[in-house]
Protein chains: 2
Amino acid sequence: MIVKTIKDKGLKITPQRQLIGEVLDGNKTHPSAEDVYKKVSKIAPTVSIATVYKTLNSLADLGVIQRLDVGDGKAHFDPDITPHSHFVCLNCKRIFDISTSAPLPDFGEEFRVVKAQAVYYGYCKECQDQKEE
Amino acid sequence: MIVKTIKDKGLKITPQRQLIGEVLDGNKTHPSAEDVYKKVSKIAPTVSIATVYKTLNSLADLGVIQRLDVGDGKAHFDPDITPHSHFVCLNCKRIFDISTSAPLPDFGEEFRVVKAQAVYYGYCKECQDQKEE
DNA sequence: AATTTTTTGCTATAATATATCTAATTCTAA
DNA sequence: TTAGAATTAGATATATTATAGCAAAAAATT
């Protein structure tokens, strides 16, 4: 529950943050800021895109959610902060969770690793099937 | 040698492309388009940033170089197209090559993987040392 | 050498994201 | 319960990265 965590982390609870938290909670679609904004706007049309960006950044900085980069020029956000990887379909552009919990590798003194991100690119089942027709 | 490959791939050889190829050849710094532009500009100040972008995209699309995304909002380019990973220093922002040649995993029919990208984030030796002072 | 095709460079525009600033809201504590 | 301090929201200007469009130039072909 993101809303609960917001308070724990010292952020004030506002209707906007509550709403953004609800949009993110359990969300497996890895939405961009724009995606979140669209969803939020449907419920509360007056919420500003700036607020969405600020909230997403705050939550990501606090480690409540995860910022994800798959090379499409925009950040995606994932409420699942447990270690897992992602698969990006080059056709439909959807991002899927992969339960490969690759451990942080040990590169010795040379590099102290604090975060790892594995992204796989290819074609999801549906898009493979489409091409065969 | 990138210049050689340019011709093989059916692209015309121009002074601009030759220069961009030379800047990239053996380059281990993972430059952004802007970085490449700056280097090129020092030698040939009239080369346009648009040409740099177009050339980098062409080369990446042809698989001559690799487009790399580490989540800093801009694309980086790597002339080393052999399988390897990258380490990003969160302090100095440099990108280092990691010779971990993780093989493409097999996710079965569900996902057909064609490319994998592993990025590790942390602190390089130099930046670790700095903090200890 | 002329022609076709590609490429360049300029610039406008797009897309994503952040900064700034005032008004409004939240929360605390009296 | 409310006054006041601190934070947040919203509007918008601006920054940053990248692409699009087009005329002029250059490259390769014939």
Side-chain angles (χ1 to χ4, degrees), chain A residues 2-23 30-62 64-77 93 95, chain B residues 2-21 23 30-62 64-65 67-77 93 95:
Chain A
I2 289 173
V3 180
K4 276 186 186 173
T5 326
I6 289 176
K7 192 157 198 179
D8 294 344
K9 294 283 184 178
L11 294 182
K12 294 186 177 175
I13 293 178
T14 66
Q16 293 85 346
R17 284 177 179 167
Q18 240 169 304
L19 195 47
I20 293 167
E22 283 164 23
V23 166
H30 309 85
S32 66
E34 188 68 31
D35 294 334
V36 173
Y37 175 65
K38 280 182 191 158
K39 279 216 168 190
V40 165
S41 290
K42 283 189 184 166
I43 304 163
T46 62
V47 173
S48 163
I49 182 80
T51 299
V52 172
Y53 271 105
K54 277 184 260 189
T55 301
L56 290 173
N57 282 335
S58 298
L59 294 177
D61 291 344
L62 291 170
V64 180
I65 63 176
Q66 199 187 352
R67 199 184 272 107
L68 180 65
D69 300 282
V70 298
D72 64 350
K74 53 195 160 191
H76 293 260
F77 296 88
K93 312 297 179 194
I95 301 171
Chain B
I2 289 174
V3 180
K4 274 186 185 172
T5 327
I6 289 175
K7 192 156 197 179
D8 294 343
K9 293 285 184 177
L11 293 183
K12 293 185 177 175
I13 293 179
T14 67
Q16 292 88 343
R17 285 176 179 165
Q18 238 167 308
L19 195 49
I20 293 167
V23 165
H30 308 84
S32 66
E34 188 67 32
D35 295 333
V36 173
Y37 175 63
K38 279 182 193 157
K39 279 216 167 188
V40 165
S41 289
K42 282 188 185 166
I43 305 163
T46 62
V47 174
S48 164
I49 183 77
T51 299
V52 172
Y53 271 105
K54 277 183 255 190
T55 301
L56 291 172
N57 283 335
S58 298
L59 293 177
D61 292 345
L62 292 170
V64 180
I65 63 176
R67 199 185 272 106
L68 180 65
D69 299 282
V70 298
D72 64 348
K74 52 194 160 191
H76 294 260
F77 296 89
K93 311 299 179 193
I95 303 170

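From a predicted model like this one, the values you see are computed outputs, not experimental measurements. Letters A, B, ... mirror the listed sequences (proteins, then strands); counts begin at 1. Basis for what follows: all heavy atoms, side chains included, without hydrogens, waters or symmetry-related copies.
Between the P atom of D/dT16 and the CD atom of B/Glu34 lies a distance of 10 Å, rounded to the nearest Å. If you take CD1 of A/Ile49 and C1' of C/dT20, they are 17 Å apart, rounded to a whole angstrom. For the pair B/Leu19 CG and D/dA26 C1', the computed distance is 16 Å after rounding to whole Å. Between the C1' atom of D/dT17 and the CG atom of B/Leu56 lies a distance of 13 Å, rounded to the nearest Å. Between the CD1 atom of A/Ile6 and the P atom of C/dT26 there is a distance of 13 Å, rounded to whole Å. Rounded to whole Å, the distance from CG on B/Asp35 to P on D/dT16 is 14 Å. Distance NE2 (B/His76) to C1' (D/dT16): 13 Å, rounded to an integer number of Å. To the nearest angstrom, C1' of D/dA13 lies 15 Å from OH of A/Tyr53.
Within the 4.5 Å cutoff, no side-chain heavy atoms of B/Ile20 are placed close to those of B/Lys39. Between A/Gln66 and A/Phe77 the shortest side-chain heavy-atom distance does not fall below 4.5 Å. By the 4.5 Å heavy-atom criterion applied to side chains, B/Val47 and B/Ser41 are not counted as neighbours.
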Below 3.5 Å is the cut-off: list the nitrogen or oxygen pairs between protein and nucleotides 5-10 of chain D, distance only.
unit_1 : atom_1 : unit_2  : atom_2 : d
D/dT7  : O4'    : A/Lys12 : NZ     : 3.1
D/dT8  : OP1    : A/Lys12 : N      : 3.3
D/dT8  : OP1    : A/Arg17 : NH1    : 2.8
D/dT8  : OP1    : A/Arg17 : NH2    : 3.4
D/dT8  : O5'    : A/Arg17 : NH2    : 3.3
D/dA9  : OP1    : A/Thr14 : OG1    : 2.7
D/dA9  : O3'    : A/Gln16 : NE2    : 2.7
D/dG10 : OP1    : A/Gln16 : NE2    : 3.1
D/dG10 : OP2    : A/Ser48 : N      : 3.2
D/dG10 : OP2    : A/Thr51 : OG1    : 2.9
D/dG10 : O6     : A/Lys54 : NZ     : 2.8

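Although no hydrogens or angles enter the test, the distance criterion places no donor-acceptor pair under 3.5 Å between the side chain of B/Arg17 and the main chain of B/Val3.
Counting all heavy atoms, side chain and backbone alike, B/Ala44 lies closest to B/Leu19 at CB-CD2, 3.5 Å. The heavy-atom pair separating B/Ile65 from B/Leu56 by the smallest distance is CD1-O, 3.8 Å.
Contact check on B/Lys74 versus B/Asp69 returns no salt bridge, with no Lys/Arg side-chain nitrogen under 4.0 Å from an Asp/Glu carboxylate oxygen.
A heavy atom closer than 4.0 Å to some atom of DNA chain C occurs in A/Gly73, A/Lys74, A/Ala75, these being the qualifying members of residues 66-75 of chain A.
Checking the phosphate oxygens (OP1, OP2) of C/dT18, a side-chain nitrogen or oxygen of A/Asn57 falls inside 4.0 Å.
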Point to revise | Stepwise side-chain hydrogen bond (donor to acceptor under 3.5 Å, both in side chains) test for B/Asp35 and B/Ser32 | key: CA-CA 5 Å; B/Asp35 295 333; B/Ser32 66; 3.1 Å; yes
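The ring-ring contact (aromatic ring centres under 6.0 Å, His included) test applied to B/His76 returns no partner, not counting sequence neighbours.
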